[in-house]
Every structure is written in structure tokens, then in C-alpha cells.
Amino acid sequence: QVQLVESGGGLVQPGGSLRLSCAASGNIVTFYAMGWYRQAPGKQRELIATLTRGGVTTYAASVKGRFTFSRDNAKNTAYLQMNSLKPEDTAVYYCSAVVGARDYARDNYDYWGQGTQVTVSS
């Protein structure tokens with residue numbers, strides 16, 4: 001049984017920053033990878049960042065250079081640092097985790113948090 005809980009969302013002006021947190025109920029080192037997704041109203045869910053157990057990160061082109069995925073294994077917590085935020089970043093952000101490498105390669109994540117709202121507006 002795995003629980004993921006996101007926090008840190010809110011309202012921020014364009015150009016501002018937020019840091020999202022994802023607290024896991026178990027040891028995150030047991031996951032092959034973790035991921036951050038987002039979904040805006042009327043749009044498809046988008047995988048924006050991944051971090052493997054081995055420390056390899058990937059980023060979607062829409063966020064590369066602005067967002068940074070990190071983790072603290074001792075705290076069983078993952079983080080998404082978001083800088084230079086744009087109105088188009090407005091979405092619900094979801095933390096996720098995947099157990100096996102095959103599912104990671106297919107973007108088929110096993111566990112999901114409830115999401116946290118990020119709104120970028122002046």
C-alpha cells in the first residue's frame with residue numbers, strides 16, 4: 001500500500017517560483033522512478049519530469065530549463081522546483097511513482113497522489 005501526498009501549490013505571478021513536495025508513505029528507493037504530471041482544464045495529462053532511482057532526470061520541452069526534479073531519500077520526499085512560471089503552467093500537478101523499468105519506459109505509472117493546484121496569474 002503506497003500513499004503519495006502533494007503539497008506546495010498556490011497562486012503565483014508570472015515569473016515567480018514555487019516548490020512542490022511529494023511525501024511518500026514508504027521508502028522511495030523501492031520505486032524504479034518517480035514522475036510529475038500536470039493537467040490543465042480541457043487538455044490531456046502531460047508528463048513533465050521524471051527521476052529514476054539511479055538519479056537520471058528527464059524533462060518535457062515545455063518545462064526544461066525552468067523546472068528541477070529532486071528528492072530526499074531520508075525524508076521519503078520528492079520535490080519539483082518551478083521557476084520562471086508562465087500562465088500556461090497553470091494546472092493540477094500530480095506526483096506519481098512506478099515500480100518497474102518496463103512500466104517506466106511505457107509511461108505507465110503505478111501510484112498517484114491527489115494533486116495540487118498551481119495557478120500562474122497577474
Side-chain angles (χ1 to χ4, degrees):
Q1 182 78 347
V2 174
Q3 300 289 140
L4 302 174
V5 180
E6 304 97 333
S7 62
L11 175 64
V12 64
Q13 293 185 341
S17 298
L18 284 174
R19 189 180 75 161
L20 305 183
S21 297
C22 174
S25 61
N27 293 326
I28 62 174
V29 295
T30 64
F31 304 137
Y32 182 80
M34 300 186 71
W36 285 97
Y37 285 81
R38 68 184 182 186
Q39 187 166 27
K43 296 184 178 179
Q44 292 187 336
R45 186 180 62 199
E46 177 188 19
L47 178 63
I48 59 170
T50 70
L51 174 60
T52 71
R53 186 164 56 212
V56 178
T57 56
T58 71
Y59 298 96
S62 56
V63 307
K64 190 174 184 179
R66 300 187 297 120
F67 291 11
T68 303
F69 199 166
S70 64
R71 68 190 175 209
D72 186 334
N73 290 338
K75 296 181 178 180
N76 288 317
T77 301
Y79 305 95
L80 185 68
Q81 178 66 45
M82 305 185 295
N83 298 326
S84 301
L85 284 162
K86 305 173 181 179
E88 51 263 46
D89 294 319
T90 296
V92 177
Y93 284 71
Y94 297 92
C95 178
S96 60
V98 61
V99 175
R102 181 186 296 174
D103 286 324
Y104 167 74
R106 297 182 176 184
D107 294 335
N108 183 25
Y109 281 70
D110 299 303
Y111 306 109
W112 295 81
Q114 295 298 307
T116 186
Q117 176 71 47
V118 172
T119 302
V120 184
S121 176
S122 60

Using the test side chain to side chain donor-acceptor pair (under 3.5 Å), find all partners of [X] that sit at least two apart in sequence or belong to another chain.
X     : value
Thr30 : none
Thr68 : none
Glu46 : Arg38, Ser62
Arg45 : none

I want to check something: taking the side chain as every heavy atom from C-beta on, are Leu20 and Glu6 in contact at a cut-off of under 4.5 Å?
no
Find out whether Tyr111 and Val99 are in side-chain contact, i.e. whether some heavy atom of one side chain is under 4.5 Å from a heavy atom of the other.
yes
List for me each residue that meets side-chain contact (heavy atoms from CB on, under 4.5 Å) alongside Ser70, sequence neighbours excluded, and say none if there are none.
Tyr79
If hydrophobic clusters are built by linking Ile, Leu, Val, Met, Phe, Trp and Tyr wherever their side-chain heavy atoms come under 4.5 Å apart, do Tyr109 and Ile48 end up in the same one?
no
Hydrophobic cluster membership, Val2 vs Met34, 4.5 Å side-chain cutoff:
yes
About how many Å separate [atom2] of [Y] and [atom1] of [X], when rounded to the nearest 0.5 Å?
X     : Y     : atom1 : atom2 : answer
Gln81 : Ser21 : CD    : OG    : 9.5 Å
Arg71 : Ile28 : CZ    : CD1   : 6.0 Å
Leu47 : Tyr37 : CG    : OH    : 4.5 Å
Gln44 : Gln39 : CD    : CD    : 8.5 Å
Leu4  : Tyr94 : CG    : OH    : 13.5 Å

Under the salt bridge (charged side-chain N to carboxylate O under 4.0 Å, His left out) definition, can you give me all pairs with a residue in residues 102-116, not counting sequence neighbours?
none
Considering only residues two or more places apart or on different chains, which pairs with a residue in residues 55-70 satisfy salt bridge (charged side-chain N to carboxylate O under 4.0 Å, His left out)?
Arg66-Asp89
Checking the side chain of Ser96 only, and the main-chain atoms of Gly35 only, is there a donor and an acceptor separated by less than 3.5 Å?
yes
Would you find a donor on one side and an acceptor on the other, under 3.5 Å apart, between the side chain of Asn83 and the backbone of Ser17?
no
Pair listing, disulfide (SG to SG under 2.5 Å) test, anchored in residues 46-115, at least two apart
Cys22-Cys95
Of all heavy-atom pairs between Val98 and Asn108, which one has the smallest distance, and what is that distance?
CG2-O, 3.6 Å
Here the pair of heavy atoms bringing Tyr93 nearest to Leu80 is CD2-CD2, 4.2 Å
ILVMFWY cluster membership beyond Leu11 - transitive side-chain contacts under 4.5 angstrom:
none
Pairing residues for Phe67 by the ring pair (Phe, Tyr, Trp, His ring centres under 6.0 Å) criterion, not counting sequence neighbours:
none
Without placing hydrogens or testing angles, list every side-chain donor-acceptor pair under 3.5 Å for residues 113-122, not counting sequence neighbours.
from, atom 1, to, atom 2, distance (Å)
Thr116, OG1, Gly9, N, 3.2
Gln117, NE2, Ala91, O, 3.4
Gln117, NE2, Thr119, OG1, 3.4

Please list all pairs meeting ring pair (Phe, Tyr, Trp, His ring centres under 6.0 Å) that have one or both residues in residues 3-33, counting only residues at least two apart or in different chains.
Tyr32-Tyr104
